[in-house]
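Just below is one structure, and these are the notes that go with it.
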Amino acid sequence: MNNLEDKISIIIPAHNESQSIDELTLKIINSFEESEFANIYEIIIVNDGSTDNTEEIGNSICKKYNKITFVNLKKNISKAYALEVGINLCVGEIIANIDGDLQYSTGDIIKMIRMMKNENLDVVNGCREFRQDPIIMKLLSKIYNNILKILSGLQLKDYWCGIKIYKKKIYKLMNYSGLARFIIFFSYKHDFKISEIKVDHYKREKGTTSYNFFDRIALALKDIFKLFIYIVLDKKNIYQIKKLIFIIYLFIIGFIIFLGNVSYNKFYYLVISLLFFALLNYMIKYFTKSKYKTVFNYKDYIKSIVKSLK
């Protein structure tokens with residue numbers, strides 16, 4: 001029996017990818033069956049509340065191919081949480097996630113796993129050297145990457161490449177749910193070994209992306225907020241910063257009262273700023289609490305699980 005430390009779980013979060021998912025699955029199978037990892041892999045497809053016939057295609061895939069688990073979710077819960085469902089269900093300690101749109105080469109997964117094993121790495125990130133996306137998307141991505149580079153301190157070229165390899169033990173250490181996409185930043189903060197490798201990227205030929213330009217802007221802003229709150233600051237530092245701000249605020253109030261220079265306008269602004277501080281504190285506390293792993297029970301979102309019979 002193969003050691004689970006060597007077992008590889010390929011996770012595909014899919015939303016309305018019925019035109020691509022069968023072909024992608026076959027390509028992954030062919031790549032692995034021709035490699036030294038033929039006996040130690042599994043494929044987990046997570047249907048993230050698709051409105052097309054992804055469920056039907058997924059069920060047929062399980063009948064045609066071996067080593068497949070098809071997870072059908074009750075509703076769309078986002079790529080981040082769909083990926084997390086797959087991580088919770090997988091048996092391998094090496095995880096490879098790949099987008100379901102056929103824009104990545106399955107052969108690169110093999111190349112990245114070999115790199116991880118040969119160089120004793122914890123994370124291998126893909127880098128799209130010749131990205132086949134519209135110019136405006138590439139420009140937005142470049143700006144976005146530079147912001148993330150400043151925030152995190154991690155010097156990579158392509159943070160959100162749709163193909164990554166990492167060890168499950170890293171995810172187990174994360175305090176929050178829905179942040180599997182941020183695992184590379186968490187890994188850097190906690191001194192795991194990270195490397196980046198060039199991967200092929202193709203123009204999307206089938207289906208349509210779930211994100212338009214404005215969706216991507218909104219997602220980028222949310223990601224920056226999450227990165228800063230949950231990864232850069234983390235729970236302990238958030239508490240320390242809130243405590244420091246409150247102490248400074250009390251010091252200012254005391255200083256004004258001590259001087260005896262309290263006017264109606266100053267008192268008004270002090271009250272407003274206190275309310276603002278309380279609201280900010282509540283927002284951070286709410287968002288942080290909502291991300292705790294104990295809050296997200298992935299089983300509540302699963303409609304059905306189908307496995308290959310072979």
For this session: Please tell me if the side chains of Asp99 and Ile163 come closer than 4.5 Å, counting only heavy atoms from C-beta onward.
Result: no

Exercise. Checking Gln132 side chain against Phe130 main chain: does a donor-acceptor pair fall under 3.5 Å?
Worked result: yes

For this session: Mind checking the CZ-CG spacing from Arg181 to Asn97? Nearest 0.5 Å is all I need.
Result: 10.0 Å

For this session: Taking all non-hydrogen atoms of both residues into account, name the closest pair between Thr51 and Asn16 and its distance.
Result: N-OD1, 2.6 Å

For this session: Begin from the C-alpha positions of Arg114 and Ser35 and carry the test side chain to side chain donor-acceptor pair (under 3.5 Å) through to its verdict.
Result: CA-CA 10 Å; Arg114 286 173 181 159; Ser35 76; 5.4 Å; no

Exercise. When you look at Phe70 and Ile57, which way does the side chain to side chain contact (heavy atoms under 4.5 Å, CB included) test go after all the steps?
Worked result: CA-CA 10 Å; Phe70 179 72; Ile57 298 296; over 6 Å; no

Seminar exercise, completed: Heavy atoms of Tyr104 and Cys161 approach each other most closely as CE2-SG, 3.6 Å

Exercise. Are the side chain of Asn146 and the backbone N or O of Lys142 linked by a donor-acceptor pair below 3.5 Å?
Worked result: yes

Problem set entry | Lys167 and Asp122 ion-paired at < 4.0 Å | yes

For this session: Begin from the C-alpha positions of Ile184 and Trp160 and carry the test side chain to side chain contact (heavy atoms under 4.5 Å, CB included) through to its verdict.
Result: CA-CA 10 Å; Ile184 193 166; Trp160 298 126; 5.8 Å; no

For this session: Please step through side chain to side chain contact (heavy atoms under 4.5 Å, CB included) for the pair Thr25 and Lys64, ending with a clear verdict.
Result: CA-CA 11 Å; Thr25 301; Lys64 289 194 294 183; over 6 Å; no

Exercise. Ignoring hydrogens and geometry, is there a side-chain-to-backbone donor-acceptor pair from Asn145 to Lys157 under 3.5 Å?
Worked result: yes

Problem set entry | Note, Tyr298 side chain near Ile77 side chain (heavy atom, < 4.5 Å) | no

For this session: Inspect the surroundings of NZ in Lys149 and state if more than 12 heavy atoms from other residues, nucleotides or ligands are less than 6.0 Å away.
Result: yes

Problem set entry | Parallel, tilted or perpendicular: rings of Phe296 and Tyr81 (30°, 60°) | tilted

Exercise. Quick one: are Ile43 and Ile61 in side-chain contact, heavy atoms under 4.5 Å?
Worked result: no

Problem set entry | Step-by-step side chain to side chain donor-acceptor pair (under 3.5 Å) determination, Asn72 to Glu55 | CA-CA 7 Å; Asn72 192 42; Glu55 181 176 358; 3.1 Å; yes

For this session: State yes or no: are the ring centers of Tyr159 and Tyr144 separated by less than 6.0 Å?
Result: no

Exercise. Do Arg131 and Asp158 sit within salt-bridge range, that is, some charged N less than 4.0 Å from a carboxylate O?
Worked result: no

Problem set entry | NZ (Lys138) with more than 12 external heavy atoms under 6.0 Å | yes

For this session: Using atom types as modelled and distance alone, determine if a side-chain donor or acceptor of Asn59 lies under 3.5 Å from a backbone N or O of Val306.
Result: no

Problem set entry | Glu196 side chain to Asn125 backbone, donor-acceptor under 3.5 Å | no

For this session: For the pair Thr69 (side chain) and Ile44 (backbone), establish whether a donor and an acceptor sit closer than 3.5 Å, ignoring hydrogens and angles.
Result: no

Exercise. Would a hydrophobic clustering, with Ile, Leu, Val, Met, Phe, Trp and Tyr connected at side-chain separations under 4.5 Å, put Ile143 with Phe185?
Worked result: yes

Exercise. Counting distance only, does the side-chain N/O of Gln103 pair as donor-acceptor with the main-chain N or O of Tyr202 below 3.5 Å?
Worked result: yes

Problem set entry | Leu73 side chain reached by Ile302 side chain, heavy atoms, under 4.5 Å | yes

Problem set entry | Flag side-chain contact, heavy atom, 4.5 Å: Met112 against Ile109 | no

Exercise. If only atom types and distance count, is the side chain of Thr106 paired as donor or acceptor with the main-chain N or O of Ser31 below 3.5 Å?
Worked result: no

Exercise. Any side-chain heavy atom of Ile45 sitting closer than 4.5 Å to one from Asn47?
Worked result: no

Exercise. If you measure from CD1 on Ile98 to CD1 on Ile12, what distance do you get to the nearest 0.5 Å?
Worked result: 7.0 Å

Exercise. Just by modelled atom types, is the Ile95 backbone N or O under 3.5 Å from a matching donor or acceptor in the Lys164 side chain?
Worked result: no

Exercise. When Met116 is tested against each of Ile165, Val123, Ile8, Ile197 for side-chain contact (heavy atoms from CB on, under 4.5 Å), which residue passes?
Worked result: Ile165

Exercise. Are Glu17 and Lys79 close enough for a salt bridge, meaning some N to O gap below 4.0 Å?
Worked result: no

Problem set entry | Cationic N near anionic O, under 4.0 Å, Glu42 to Lys307 | no

Problem set entry | Shortest non-hydrogen contact between Tyr41 and Lys67, atoms and distance | CE2-NZ, 3.4 Å

Problem set entry | Any donor-acceptor N/O pair, Ser50 side chain to Asp52 backbone, under 3.5 Å | no

Problem set entry | Separation between OG1 of Thr54 and CG of Asp22, rounded to the nearest 0.5 Å | 11.5 Å

Exercise. Is any side-chain heavy atom of Ile68 less than 4.5 Å from a side-chain heavy atom of Ile29?
Worked result: yes

